[in-house]
Amino acid sequence: MKTMEKILAGVAGAAVIAAFVAAVPAAAQDKLEELKAQGFARIAIANEPPFTAVGADGKVSGAAPDVAREVFKRLGVADVVASISEYGAMIPGLQAGRHDAVTAGLFMKPERCAAVAYSEPVLCDAEAFLLKKGNPKGFKSYADIAKDPSGTIGAPGGGTEEKLALEAGVPRERVIVVPDGQSGLKMVQDGRIDVYSLPVLSINDLAKKANDPNMEVVAPVEGAPVYCDGAAFKKGDEALRDAFDVELAKLKESGEFAKIIEPYGFSAQAAMSTTREKLCAAQ
Ligand code: 6CS
């Protein structure tokens, strides 16, 4: 190939690469521009206070949506619109384009980190059991339930507690999928399950509202890790996630992050003392 032809080919090649590189930020910027134009970000939540909550008037609150609302506002997206989803359906819903983000206390774990683009950490919590007063079967860990052939546990479908119970050896037939906190409480009260398991702050909120002297909380569950969530974005929306992280970091730095989440019982320090990288690598 003559020298001039080589130069022209090189220029053409460079132009293609430049066009591609320029397009990526534009595509990502488009997503943020799309949300700005839409006027809201569609978020998936579970309605599990204090992580997420929907009032009788339809108002969405909870630490995760409150942080998301503030971050999106600073990105120029006026508000968030929430839809309630089972934890196990949140990632498929995100991937199918039904949500723009999951802001629900969806804890970071390697398999989830492989499926979505998480923000930096937002809400951290340990795990808890809600059970009958006096803890008649002495359950303090998921392994305790596995060892007792009569032991049964309820947990959200596709949730962390369901997985922890199965991984501890509780047979599938003794791990009951429970759709929401009220159902879990009632099933323990009625003796249909021995234990209902959620994160500590969720179980404490449920127990406090139930105000049932026949109920007892075991927290933290022995042997279970402390998890943290992040806002979860669709793979491919990393630039939107990065923009979210920039504003989240400013909130953390200014103390406003603590002002949003600590009234709900969460620790800002817990979220600020770890990273997405560490949480996604943890086993
Ligand atoms: O991330 C999860 O799977 C868990 N997160 C919360 C806030 N509640 C239960 C759920 O299993």
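In each ligand, atom 1 is the first atom listed, and ligand 1 is the first ligand listed.
Checked against the 6.0 Å centroid threshold, Phe233 and Phe244 count as a close aromatic pair.
The protein heavy atom nearest to atom 2 (C) of ligand 1 is Thr160 OG1, 3.1 Å. In this structure, the protein non-hydrogen atom closest to atom 11 (O) of ligand 1 is Glu161 OE1, 2.5 Å.
For Gly158, no nitrogen or oxygen atom sits less than 3.5 Å from a nitrogen or oxygen atom of ligand 1, counting backbone and side chain alike.
Checked by atom type and distance alone, the side chain of Tyr264 pairs as donor or acceptor with a backbone atom of Gly62 at under 3.5 Å. At distances below 3.5 Å, at least one donor-acceptor pair connects side-chain atoms of Asn47 with backbone N or O atoms of Val54.
Within the 4.0 Å heavy-atom criterion, the part of Tyr87 lying near ligand 1 is the side chain and not the backbone. At a 4.0 Å heavy-atom cut-off, ligand 1 touches Arg112 through the side chain alone. Here Ser202 has no heavy atoms under 4.0 Å from ligand 1, in either its backbone or its side chain. At a 4.0 Å heavy-atom cut-off, ligand 1 touches Glu48 through the side chain alone.
Every atom of ligand 1 with a heavy atom of Leu106 under 4.0 Å away is listed here by number and element: 1 (O). The ligand atoms of ligand 1 that sit less than 4.0 angstrom from a heavy atom of Phe51 are 7 (C). Close approach of ligand 1 to Gly159 (heavy-atom distance below 4.0 Å) involves ligand atoms 3 (O), 11 (O).
The one candidate from Ile91, Asp229, Val102 that meets the side chain to side chain contact (heavy atoms under 4.5 Å, CB included) condition with Arg112 is Ile91. Considering Tyr118, Tyr87, Tyr227 in turn, Tyr227 is the only one that fulfils the ring-ring contact (aromatic ring centres under 6.0 Å, His included) rule with Phe107.
Side-chain contact of Gln189 with Asp212: a donor-acceptor pair under 3.5 Å is present, judged by distance alone. No hydrogens or angles considered: a donor-acceptor pair under 3.5 Å links the side chains of Ser254 and Glu256.
Among Gly157, Gly105, Ala155, the residue whose heavy atom sits closest to atom 5 (N) of ligand 1 is Gly105.
Rounded to the nearest 0.5 Å, atoms CD (Glu167) and CD (Glu162) are 10.5 Å apart.
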